[in-house]
Structure formats: structure tokens, C-alpha cells
Amino acid sequence: MPSISMTVNGQAVTGEVEGRTLLVEFLRDTLGLTGTHVGCDTSQCGACVIHLDGVSVKSCAVLALNADGAEVLTIEGVADGDDLHPMQEAFREHHGLQCGFCTPGMVLTALALVADNPDPTDAEVRHGLEGNLCRCTGYQNIVHAILDGAKRMRG
Amino acid sequence: MHDFNFIQPKSAAAAADALAGAEDGQYMAGGQTLIPVLKQRLAMPTDVVDLSAIPGLAGIEVSGGAVRVGAMTTHAAVAASGAVRDAVPALAHLAGLIGDPHVRNRGTLGGSIANNDPAADYPAAVLGLGATVVTESREIAADDFFTDLFETALDDGELVTRVDFPVPDAAAYVKFPNPASRYAIVGVFVSRAGGAVRVAVTGAGPCVFRQAEMEAALSAEFSAEAIAGVAIAADDLNNDLHASAEYRAHLVGVMARRAVAEIA
């Protein structure tokens, strides 16, 4: 089996994969980073969103071999120790989650959105969430959380 | 998904060789359609030939009255390109409407048009602008490229290297997206260059097509009113759980008039 190496949340990792191994499988099953969720397995729900070389991707629609040598950020790498990231704080404060299943993908999507557009409008946030499904909240509080998280990140 | 050999050639020639040498080989560009298809076992290739390590296939250049977009250029790169926004804003707008941000970060122009999904957005721009599809061996006019449902004029193993979009006087793309997938239930791309008008419709039929009656009416008078009387037959249009053929026929008229109104 081919061997791959990449940097995940700042740490160098290596592992063996098959051709068909998805990046999300490598993260969850090989590295034990189960914060990245598999919701639909049809590449529609966005629960598996991570950052690959600085941009958001669905890790269930990327082969692990395509991430060889890459820089990966998962939800486990977002907080600073016990201190939540300002975007995570905003999700907590605005009740931007209920069951929490979609939340890792939502937070990583929000961070990618704000990196591109530090002061987004309500409409831009909603357009940016088109690849992330939440079946609990109706999105309203997620949008509030992202707008506030962006504000906190602007300082 | 079934396992396969993963091959990552460093040149287009090596990619063609790898595909030719495979029992049942499949090119992969951004993988945003192919990987879900593999997971559903709708395709079970023995070899996946990944195109991402071939140099020179990604990039955008505006020169000689054309926007030249490399086949491996992502939708996100086209949507964010200042050069594309200046030259053909409708093209950047269309790229920004494909799928969702994560799909746009991986999905590519070449992958989209080689797959020729009947509800894909890019075929409407390629046909609606009268673009030229460039491969390793030849140039294919948009009018000859999209041949049928998921079928193109590409030969086995032929690789799209870039698409040259001529810069029009004005163009617009309006789509009625599926609310879940953002694929086009109907999308209409209208362009005007000199006296020539092109109207390309995606999502409605088995394959992107030009609407000749609308083109003739708009060539005589470029206004939404000029095409208000054009009747769209539902006969050959798609009829599925997302929309009936009659509804799609209606949407073709609505989307076309909105696109024309944007630039008239």
C-alpha cells in the first residue's frame, strides 16, 4: 500500500492508504481524529469539511493520496488548548448548534468564509453555507454566530 | 467503493499512456463528480489517472480578445479572477454559482465539460460564448463539442487542456438552481457580440443546446420583450422528480428573459 505524509493541525503524520481511501477515512480511522464527521456519504452535507492547503474541501470527496504533502486543518486544530477559537465561542454564545453533528463542518466553513471575506453580509454568509446542511437549527443562529464570529475575529 | 490503482502522471502524454494501458481507466480532474460516483459504485474503474500533477493545465490568461482558462483551473479561481470579472463578468458569476464553496475549491472546468452533466453550468458558458475547447491534439468548436447526455466529441483518452472563451460585448447567465444540489434545473446563458446573439440552455434537456428562435428574435431586437412570444416545446425536455418537462419549458423563457434584461 502506498504511504502518504502530511501536516495535520501542525503535526507531521504518515500512514498507509489504499487508492480508494478517502481523506476523511484517513483522518478518522488512521489518525483517530473523529471530530470530522461523515453525515451523508454522498458528498452533499458538508459535515466533513476541513481545510486542505488553506481552502475548505469536503474530505469525503478527496482521495487521501491527493492530500499527500498537504497542510490540513480539522476541528481538533481550531481551538488553542482549552481556549475556544472566537468563532467557536460565537457558535456557543448564539446557540449555533443543537445536536452538534454538522458543527465541525460549519465552523471550518465559517473560518474559510471569513478568511476570504472578513466582514460578510447576512446574504454572503448564507451563500457561503450552501454546501453545509443542518437539520436542527434552521440556520438562523448559525448565521448569527458566523456574523458575530467574524466581528470578534476583526477585533 | 471498489479499490483501484491510483496513478499520478507528470505529463499529458504519460496520462494518455496510463489510460491506454489500463484495463478500465478513468481520468480524474477535481473528482467532485467522480468520487461520489465511485462511492455509489456507478463506476468501477481499475485505474484512476489523476491529472492534478500535470504542470501547465491550470491558469487564466486574457489575450487576443479571449479568456483562456486551463482545464484544471478550479471554479473558485475563475469566480475570484479579476481578469475574468473584467473581461466576461458573466463567466466569473457562473463559476461562483456552481455547487458550493467546497466543490468550487476542487472542481475544474475541464472535468465539468468532459463529464457533460445535463444540469452542469459550464456547458452553458462554453456554448453560449461560442468557446473553443482545446485538447492535446486539436481545437473543437463548442457547437461540435457537446453531443449528447454525458457525451462529448472527445475521443477515448483525449485530454482537454484549456478552453478559449471569446470576449463578447455583453453576456449574462441566469439559473434556477435545485435548492439542494445547486445544479441547474434550468440555466440560460445569453451573449451578444457584434450582431451575433447566442442563447445556450442547460438543465432543461439531455444536453446543453442553443435556442435558435430566441437567437433570431434577439438579433433583430435585443430586448426581453422580443423573446416573450417564443414558445418552448416541452417534448424533448427532462422530466424528473425535480421538475416536469412543462415546468422546465416555462423556466427556459423566464430565465432567458431575465438574462436578456440584465444586459439589454
Side-chain angles (χ1 to χ4, degrees), chain A residues 1-4 17-25 38 40-70 105-106 108-117 120 124-133 135 146, chain B residues 1-9 18 22 25-26 28-54 72 74-77 79-80 93 96-108 111 175 177-183:
Chain A
M1 288 203 295
S3 175
I4 57 172
V17 294
E18 293 181 307
R20 63 178 167 179
T21 304
L22 299 169
L23 180 54
V24 70
E25 295 169 338
V38 178
C40 65
D41 212 25
T42 54
S43 307
Q44 292 173 309
C45 79
C48 67
V49 167
I50 57 139
H51 293 188
L52 179 64
D53 287 332
V55 301
S56 63
V57 302
K58 293 174 178 170
S59 60
C60 82
V62 177
L63 298 179
L65 282 160
N66 276 126
D68 191 17
M106 288 289 179
L108 271 295
T109 297
L111 292 175
L113 190 153
V114 171
D116 273 353
N117 182 0
E124 285 166 345
V125 170
R126 290 176 188 276
H127 183 56
L129 290 179
E130 282 176 355
N132 296 74
L133 300 182
R135 300 294 78 180
I146 294 173
Chain B
M1 120 173 65
H2 289 282
D3 202 14
F4 46 77
N5 300 310
F6 178 84
I7 306 167
Q8 200 173 56
Q26 172 71 54
M28 181 170 80
Q32 297 305 284
T33 296
L34 181 62
I35 292 174
V37 162
L38 294 177
K39 288 202 283 192
Q40 292 178 72
R41 299 188 178 181
L42 294 172
M44 289 169 278
T46 57
D47 297 73
V48 169
V49 181
D50 176 55
L51 304 173
S52 67
I54 302 173
M72 288 294 286
T74 63
H75 311 325
H93 174 68
L97 295 177
I98 298 172
D100 58 55
H102 325 303
V103 167
R104 292 195 289 274
N105 282 334
R106 297 289 297 173
T108 68
K175 82 163 160 175
N178 179 303
S181 70
R182 310 292 165 181
Y183 271 107

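The analysis underlying the following values was restricted to heavy atoms, covering all of them including side chains, and did not include hydrogens, waters or symmetry mates. Per chain, numbering begins at 1; letters A, B, ... match sequence-line order.
Considering only heavy atoms from C-beta on, B/K39 stays 4.5 Å or farther from A/T42 through its side chain. No side-chain heavy atom of B/F6 sits less than 4.5 Å from a side-chain heavy atom of A/V17. Residues B/L38 and A/R20 have side chains not in contact (no heavy-atom distance under 4.5 Å, counting atoms from C-beta outward).
With a 4.5 Å cut-off on non-hydrogen atoms, A/L133 does not touch chain B at all. Contacts of A/D116 with chain B are absent, with no heavy-atom separation under 4.5 Å from either backbone or side chain. Only the side chain of A/V49 comes within contact range of chain B, judged by heavy atoms closer than 4.5 Å. Only the side chain of B/D50 comes within contact range of chain A, judged by heavy atoms closer than 4.5 Å. Contact of B/V37 with chain A is not made at all, since no heavy-atom distance falls under 4.5 Å. The part of A/L52 that comes within reach of chain B is its side chain, from C-beta onward, which places non-hydrogen atoms under 4.5 angstrom from that chain.
Here B/I98 contributes atom CD1 and A/E130 contributes atom CD; the two are 12.5 Å apart, rounded to the nearest 0.5 Å. Between the CG atom of A/L63 and the CG atom of B/L34 there is a distance of 8.0 Å, given to the nearest 0.5 Å. Separating the CZ atom in B/R182 from the NE2 atom in A/H127 is a distance of 8.5 Å, to the nearest 0.5 Å. The distance from the CE atom of B/M28 to the CG atom of A/N66 is 4.0 Å, given to the nearest 0.5 Å. With rounding to the nearest 0.5 Å, the separation of CG in B/D100 from CG in A/L129 is 10.0 Å.
Side chain of A/Q44 to main chain of B/S181: no donor-acceptor pair is present (N/O by atom type, distance under 3.5 Å, no hydrogens or angles).
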Original post:
So B/I35 and A/L22, side chain to side chain contact (heavy atoms under 4.5 Å, CB included) or not? Walk me through it.
Top reply: CA-CA 9 Å; B/I35 292 174; A/L22 299 169; 3.8 Å; yes
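Each of A/S56, A/S43, A/C48 was checked for a side-chain contact (heavy atoms from CB on, under 4.5 Å) with B/H102, and the lone residue meeting it is A/S56.
Ranking B/Q32, B/Q8, B/R104, B/Q40 against chain A, the residue ahead of the rest is B/Q32, based on heavy-atom pairs under 4.5 Å. Considering only heavy-atom pairs separated by less than 4.5 Å from chain B, the leading option among A/P2, A/G46, A/C60 is A/C60.
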